[in-house]
Student: 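This is the structure I want to talk about, given as structure tokens.
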Amino acid sequence: YPTWKRTLTRRAREAQMKRFCKAQAIQRRLEEIEVTFRELEQQGIKLEKLLRDEEGTLGGQKTQWMNQLLYLVQKKNSLMSEESDLMITVQELKLEEQQWQLDQKLRCYMNKEESLKTPEDYVAEQKILSQLVDVVNKRNLLIHVQEEKRLSEL
């Protein structure tokens with residue numbers, strides 16, 4: 001087994017583990033965001049009740065509650081934006097994994113001796129190649145979406 005093949009296999013495994021670890025970290029963060037959403041919602045409900053029930057309260061207290069409510073809304077919006085970014089990253093990781101798998105299949109067909117290839121092999125090779133192009137186009141689209149989002153936030 002040539003050294004370059006072992007090196008490629010090792011690098012592929014390392015890349016796959018890296019994607020897996022990144023996906024786990026994203027999943028943990030998404031769960032944290034969900035918990036934080038619930039906490040913010042509970043705080044918001046309390047503040048709304050205070051604002052509605054306390055009609056005779058001083059104006060300064062109401063202003064403070066309104067400011068707290070606005071802060072909660074801003075925090076929730078920033079968490080929603082982060083969640084959106086994470087979901088895009090998850091899609092990107094899935095496409096990256098899909099691209100790797102298709103690339104491996106395509107390499108098998110391309111490494112096969114031309115004289116040994118059947119017409120079915122040529123068809124399968126073309127099909128995998130077109131799937132690979134589709135995945136690359138989807139990844140490109142995600143990158144454009146991320147860039148547009150980043151520019152709109154600026």
Side-chain angles (χ1 to χ4, degrees), residues 2-54 57-111 123-154:
T3 305
W4 64 271
K5 282 190 177 182
R6 282 195 307 264
T7 303
L8 283 177
T9 304
R10 182 177 41 81
R11 285 186 183 162
R13 274 195 312 254
E14 288 171 357
Q16 193 171 23
M17 281 303 294
K18 200 175 196 180
R19 285 190 298 271
F20 179 72
C21 290
K22 192 173 183 180
Q24 283 184 320
I26 289 171
Q27 185 62 39
R28 279 193 300 274
R29 182 60 188 141
L30 286 171
E31 290 169 1
E32 290 170 3
I33 287 173
E34 187 176 329
V35 169
T36 308
F37 269 149
R38 280 190 240 122
E39 291 171 357
L40 291 175
E41 194 169 309
Q42 292 301 316
Q43 292 174 6
I45 289 170
K46 288 178 185 175
L47 284 171
E48 282 184 42
K49 284 182 181 179
L50 287 173
L51 284 169
R52 288 186 182 148
D53 294 343
E54 303 296 322
T57 309
L58 298 173
Q61 183 67 41
K62 281 189 175 185
T63 304
Q64 184 181 3
W65 290 337
M66 284 296 291
N67 287 338
Q68 287 176 349
L69 192 59
L70 289 174
Y71 172 76
L72 291 178
V73 169
Q74 287 175 338
K75 196 168 181 180
K76 186 175 179 181
N77 286 342
S78 74
L79 285 174
M80 287 176 70
S81 177
E82 182 182 355
E83 183 181 41
S84 170
D85 289 342
L86 290 173
M87 294 307 290
I88 290 172
T89 305
V90 166
Q91 289 176 330
E92 194 173 336
L93 285 173
K94 285 180 182 177
L95 289 173
E96 196 173 311
E97 180 69 22
Q98 198 175 7
Q99 181 178 346
W100 179 79
Q101 290 172 355
L102 289 170
D103 189 48
Q104 294 303 309
K105 288 179 185 177
L106 187 61
R107 283 178 193 265
C108 288
Y109 282 110
M110 294 180 108
N111 288 337
V123 169
E125 187 177 337
Q126 287 302 312
K127 184 178 178 184
I128 291 171
L129 189 59
S130 72
Q131 289 174 339
L132 190 59
V133 169
D134 286 343
V135 168
V136 169
N137 287 335
K138 287 177 185 176
R139 285 184 69 191
N140 189 38
L141 182 64
L142 280 178
I143 290 169
H144 282 296
V145 166
Q146 283 179 318
E147 186 63 20
E148 286 176 10
K149 186 174 187 229
R150 186 187 68 79
L151 290 174
S152 70
E153 288 175 355
L154 291 178

Student: For the atom pair CD (Q68) and CG (L50), what is the distance rounded to the nearest 0.5 Å?
Tutor: 9.0 Å
Student: Can you give me the closest heavy-atom contact between M87 and L30, atom names plus distance?
Tutor: SD-CD1, 3.8 Å
Student: Got more than 12 heavy atoms from elsewhere within 6.0 Å of NZ, K149?
Tutor: yes
Student: Let's go through Q146 and T89 carefully: what are the C-alpha distance in whole Å and the side-chain angles of both, what is the deciding distance for side chain to side chain contact (heavy atoms under 4.5 Å, CB included) to 0.1 Å, and is it a yes or a no?
Tutor: CA-CA 9 Å; Q146 283 179 318; T89 305; 4.2 Å; yes
Student: Is D103 salt-bridged to R107, going by a charged N under 4.0 Å from an acidic O?
Tutor: yes
Student: Identify the heavy atoms of L142 and Q91 that sit nearest to each other, and give their distance.
Tutor: CD2-OE1, 3.3 Å
Student: Would you say CZ of R11 has more than 12 non-hydrogen atoms from neighbouring residues, nucleotides or ligands within 6.0 angstrom?
Tutor: no
Student: Does any non-hydrogen side-chain atom of F20 lie less than 4.5 Å from one of E97?
Tutor: no
Student: At what distance, to the nearest 0.5 angstrom, does CD of Q99 lie from CZ of R139?
Tutor: 4.5 Å
Student: How far does CD of E14 sit from OG1 of T9, to the nearest 0.5 angstrom?
Tutor: 11.0 Å
Student: Under the salt bridge (Lys or Arg N to Asp or Glu O under 4.0 Å) rule, what do R150 and E147 come out as? Steps first, then yes or no, please.
Tutor: CA-CA 5 Å; R150 186 187 68 79; E147 186 63 20; 2.5 Å; yes
Student: Which atoms form the tightest heavy-atom contact between R29 and L79, and what is the distance?
Tutor: NH2-CD2, 3.8 Å
Student: Taking atom CZ of R38 and atom CD of Q43, what is their separation to the nearest 0.5 Å?
Tutor: 14.0 Å
Student: So do the side chains of E31 and V35 get within less than 4.5 Å of each other, counting heavy atoms only?
Tutor: no
Student: On a heavy-atom basis, which atom in K62 and which in L51 lie closest, and how many Å separate them?
Tutor: O-CD2, 3.8 Å
Student: Taking all atoms of both residues into account, what is the closest heavy-atom pair of L72 and L47, and its distance?
Tutor: CD1-CD1, 3.6 Å
Student: Please step through salt bridge (Lys or Arg N to Asp or Glu O under 4.0 Å) for the pair E48 and R52, ending with a clear verdict.
Tutor: CA-CA 6 Å; E48 282 184 42; R52 288 186 182 148; 3.5 Å; yes
Student: Between L102 and Q131, which heavy-atom pair has the shortest distance, and what is it?
Tutor: CD2-OE1, 3.2 Å
Student: Does the T36 side chain pair with the main chain of E32, one donor and one acceptor, at a distance under 3.5 Å?
Tutor: yes
Student: Test side chain to side chain contact (heavy atoms under 4.5 Å, CB included) on K75 and Y71; report intermediate values, then the result.
Tutor: CA-CA 6 Å; K75 196 168 181 180; Y71 172 76; 4.0 Å; yes
Student: Roughly how far, to the nearest 0.5 Å, is CD of Q98 from CG of L132?
Tutor: 9.5 Å
Student: Output the distance between atom CD1 (I45) and atom CG (L40), rounded to the nearest 0.5 Å.
Tutor: 11.0 Å
Student: Is a donor on one side and an acceptor on the other found under 3.5 Å between the side chain of S84 and the backbone of M80?
Tutor: no
